[in-house]
Amino acid sequence: MALVPTLTLTDTTTFSDEISFSVTDSLTTTTPSQSLTSVAIAESAYATIFADSGANGSVYIFVKNTNTSGTYQADLRTSAGVVFGTLSPGEFAFFPADTNQGVEAYGVGGGVTIEYAYWTKG
């Protein structure tokens with residue numbers, strides 16, 4: 001199986017020169033995988049996106065805070081509780097993760113709803 005992510009970034013105001021670029025890759029994937037799933041997370045609670053598998057390897061993870069208003073955030077953290085990112089309403093991330101770590105989303109400031117999916121690196 002192949003996953004083809006594309007990232008396009010355009011910025012006309014931050015730097016003196018305009019930045020605009022796009023990168024695409026073809027990633028080989030295998031099972032297990034998780035199709036796009038939505039989950040509501042209460043404040044100070046968490047949802048497991050990918051459980052620590054106890055095996056060496058990597059997964060590609062997509063996660064989005066689907067809240068459209070308010071300031072409630074979703075902290076991204078390992079299953080050991082180490083925060084490595086925060087998603088404000090409408091923000092998303094796509095990243096590789098170690099299967100020996102596990103990934104969770106944690107509700108900060110109030111309840112949040114996230115969408116997520118993952119693919120195992122082949």
Side-chain angles (χ1 to χ4, degrees):
M1 297 182 285
L3 173 66
V4 182
T6 300
L7 173 67
T8 301
L9 295 176
T10 303
D11 183 346
T12 60
T13 60
T14 305
F15 307 106
S16 59
D17 294 328
E18 180 178 318
I19 292 177
S20 180
F21 64 90
S22 182
V23 292
T24 300
D25 200 356
S26 182
L27 307 173
T28 302
T29 61
T30 187
T31 57
S33 60
Q34 174 66 49
S35 64
L36 194 61
T37 302
S38 182
V39 63
I41 306 168
E43 179 179 8
S44 301
Y46 71 91
T48 300
I49 294 172
F50 182 83
D52 180 347
S53 71
N56 292 329
S58 296
V59 290
Y60 303 110
I61 295 176
F62 167 81
V63 61
K64 179 179 180 179
N65 179 345
T66 62
N67 287 27
T68 57
S69 62
T71 58
Y72 305 154
Q73 299 174 321
D75 276 354
L76 300 177
R77 64 186 200 177
T78 67
S79 57
V82 177
V83 176
F84 61 86
T86 300
L87 298 176
S88 294
E91 292 182 337
F92 67 92
F94 179 78
F95 57 94
D98 186 327
T99 56
N100 278 321
Q101 295 296 314
V103 175
E104 301 170 345
Y106 183 83
V108 178
V112 296
T113 300
I114 63 162
E115 290 181 337
Y116 72 92
Y118 69 80
W119 300 260
T120 300
K121 183 176 180 178

Do other residues, nucleotides or ligands put more than 12 heavy atoms under 6.0 Å from the CZ atom of Phe84? yes
Within the side chain of Thr99, is there an N or O that forms a donor-acceptor pair under 3.5 Å with the backbone of Ala55? yes
Can you tell me how far CG of Asn67 sits from CD of Glu91, rounded to the nearest 0.5 angstrom? 11.5 Å
Would you tell me whether Glu18 and Thr12 have side-chain atoms, one donor and one acceptor, within less than 3.5 Å of each other? no
Report the relative orientation of the aromatic rings in Tyr60 and Phe94; use parallel for angles under 30°, tilted for 30 to 60°, perpendicular for over 60°. parallel
Side-chain contact test, heavy atoms from C-beta onward, threshold under 4.5 Å: evaluate it for Thr31 versus Met1 and give yes or no. yes
CG/Asn56: more than 12 non-hydrogen atoms of other groups inside 6.0 Å: no
Just verifying a value: how many Å separate Ile61 CD1 and Trp119 CH2, rounded to the nearest 0.5 Å? 9.5 Å
Pairwise distance CD1(Ile114) to OG1(Thr66) - rounded to 0.5 angstrom: 8.5 Å
Mark yes or no for whether Thr6, through its side chain, and Thr24, through its backbone, hold a donor-acceptor pair below 3.5 Å. no
Tell me whether Ser79 contacts the main-chain N or O of Gln101 through its side chain, where contact means a donor paired with an acceptor under 3.5 Å. yes
Would you compute the distance between atom CG of Leu3 and atom OG1 of Thr28 and round it to the nearest 0.5 angstrom? 10.0 Å
Does Phe62 have more than 12 heavy atoms from other residues, nucleotides or ligands lying within 6.0 Å of its CZ? yes
Check ion pair Glu104-Arg77 (N to O, under 4.0 angstrom): yes
Is the side chain of Asp25 donor-acceptor paired with the backbone N or O of Leu27 at a distance under 3.5 Å, no angle test? no
Say you draw a straight line from CG of Asn65 to CZ of Phe92; how long is it, rounded to the nearest 0.5 Å? 12.5 Å
